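Input: a single structure, listed below in structure tokens.
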Amino acid sequence: MTGTNPDRTTGRHVVANISLSLDGRTTGPGGEYDMGWIAPHAVTDGSRDHLMKLTAGATTVLLGRKNYQGFSSYWPAVADDEEADPRDREFSRWLNGVDKVVFSRTLAALDWRNARLATADPAPTVRQLRTEGGGDIIVLASGSIIRALLETGELDRLSITLCPEIVGGGARLFGDGPAGSSWSLREPTSTGSGAICLTYDRQAIP
């Protein structure tokens with residue numbers, strides 16, 4: 001990927017990818033695992049192509065505990081599933097091979113290849129990762145990590161799949177952070193299900 005935040009024209013860039021409902025929810029009213037309303041919008045050609053493009057330049061993934069547990073229980077085996085969509089198989093192979101940093105203070109060990117624990121807060125961890133070699137750093141659907149990086153100015157690109165659903169309750173991505181920020185639309189992508197993938201770059205502070 002090319003540079004995202006104009007203040008960071010070189011080095012690694014931090015990208016977040018998440019799905020939101022029209023009322024700004026990341027989960028439904030049934031709790032943290034109530035995300036069935038996202039599923040129809042995640043399996044279209046448009047959404048798959050968008051995810052492949054978004055992750056193409058990334059060599060490190062950031063995950064929270066819940067998403068790590070969900071991802072690791074499903075994605076590793078997809079690489080060898082001949083009935084799966086070829087893009088899902090490619091994404092699985094990429095996930096299996098990429099460096100995965102998992103933020104948790106309760107997990108004692110990780111059993112997914114190339115996964116490692118991080119017990120520090122996301123912002124200082126990302127600052128350290130920026131100094132290391134590699135491609136972009138991407139947060140996959142972990143709302144708490146995305147919020148922490150937004151609030152500390154450590155997020156360069158934000159990809160939101162806006163789903164045409166009003167779920168009426170559940171967790172929100174955006175809260176009242178310490179400061180606002182401005183973003184420019186990079187490219188919208190239609191998914192075919194009515195959802196739209198919106199990719200924004202953070203604008204530099206004058």
Side-chain angles (χ1 to χ4, degrees), residues 1 4 13-44 46-76 78 85 87-88 90-92 94-96 98-104 107 110 112 114-115 117-118 121-123 125-126 129 136-151 154-165 167 169-175 189 191 193 195-200:
M1 289 183 180
T4 54
H13 302 100
V14 183
V15 183
N17 182 60
I18 198 164
S19 295
L20 290 181
S21 66
L22 292 178
D23 50 344
R25 312 288 182 169
T26 58
T27 68
E32 59 190 27
Y33 296 109
D34 182 1
M35 294 182 288
W37 51 273
I38 295 174
H41 309 292
V43 295
T44 64
S47 61
R48 284 184 169 111
D49 290 342
H50 173 74
L51 184 60
M52 297 306 298
K53 184 176 181 180
L54 193 70
T55 57
T59 58
T60 299
V61 169
L62 307 184
L63 294 167
R65 175 185 59 81
K66 296 171 187 174
N67 272 3
Y68 169 79
Q69 291 174 324
F71 278 43
S72 63
S73 67
Y74 175 78
W75 280 109
V78 175
D85 185 282
R87 289 160 297 188
D88 290 346
E90 183 178 349
F91 180 68
S92 173
W94 173 79
L95 265 180
N96 288 335
V98 78
D99 178 35
K100 293 171 283 290
V101 179
V102 181
F103 292 87
S104 175
L107 292 176
L110 306 175
W112 197 355
N114 299 320
L117 279 169
D121 290 337
T125 301
V126 161
L129 287 170
D136 287 345
I137 302 159
I138 187 165
V139 189
L140 291 179
S142 294
S144 60
I145 298 174
I146 294 173
R147 284 191 294 272
L149 297 179
L150 278 170
E151 291 173 0
E154 291 295 336
L155 197 63
D156 303 315
R157 178 168 294 166
L158 180 59
S159 170
I160 295 174
T161 297
L162 187 63
C163 300
E165 311 282 347
V167 296
R172 294 184 181 275
L173 175 61
F174 300 111
T189 302
T191 66
S193 70
I196 302 175
C197 300
L198 302 167
T199 304
Y200 294 94

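What you see is a predicted model, and the numbers here were worked out from it, not measured in a lab.
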Can you list everything that forms a salt bridge (charged side-chain N to carboxylate O under 4.0 Å, His left out) with Arg48? Sequence neighbours excluded, please. Asp85, Asp88
Tyr200: which residues meet the side chain to side chain contact (heavy atoms under 4.5 Å, CB included) condition with it, sequence neighbours left out? Trp183, Leu185, Leu198
Would you please test Asp121 and Phe103 for side-chain contact (heavy atoms from CB on, under 4.5 Å) and show each step? CA-CA 8 Å; Asp121 290 337; Phe103 292 87; over 6 Å; no
Among all residues two or more places apart in sequence or in another chain, which pass the side chain to side chain contact (heavy atoms under 4.5 Å, CB included) test with Asp99? Thr60, Val101, Arg116
Quick one: list whatever passes side-chain hydrogen bond (donor to acceptor under 3.5 Å, both in side chains) with Thr59, sequence neighbours left out. Arg12
Contacts of Tyr74 meeting side chain to side chain contact (heavy atoms under 4.5 Å, CB included) (sequence neighbours excluded), chain-then-number -> Val78
Indicate every side-chain donor-acceptor pair of residues 28-40 with a distance under 3.5 Å to a residue at least two apart or in another chain.
| from | atom 1 | to | atom 2 | distance (Å) |
| --- | --- | --- | --- | --- |
| Glu32 | OE1 | Lys66 | NZ | 2.5 |
| Asp34 | OD2 | Gly30 | N | 2.8 |
| Trp37 | NE1 | Asp34 | O | 3.1 |

Do the ring planes of Trp112 and Tyr68 sit parallel (below 30°), tilted (30 to 60°) or perpendicular (above 60°)? tilted
Pairing residues for Gln69 by the side-chain hydrogen bond (donor to acceptor under 3.5 Å, both in side chains) criterion, not counting sequence neighbours: Arg65
Quick one: which residue pairs count as a salt bridge (Lys or Arg N to Asp or Glu O under 4.0 Å) with a foot in residues 20-31, not counting sequence neighbours? Asp23-Arg25
Could you pull out all residues at least two apart from Thr26 that satisfy side chain to side chain contact (heavy atoms under 4.5 Å, CB included)? Ile18, Leu20, Ala171, Leu173
What residues, two or more places apart in sequence or in another chain, satisfy side-chain hydrogen bond (donor to acceptor under 3.5 Å, both in side chains) together with Thr161? none
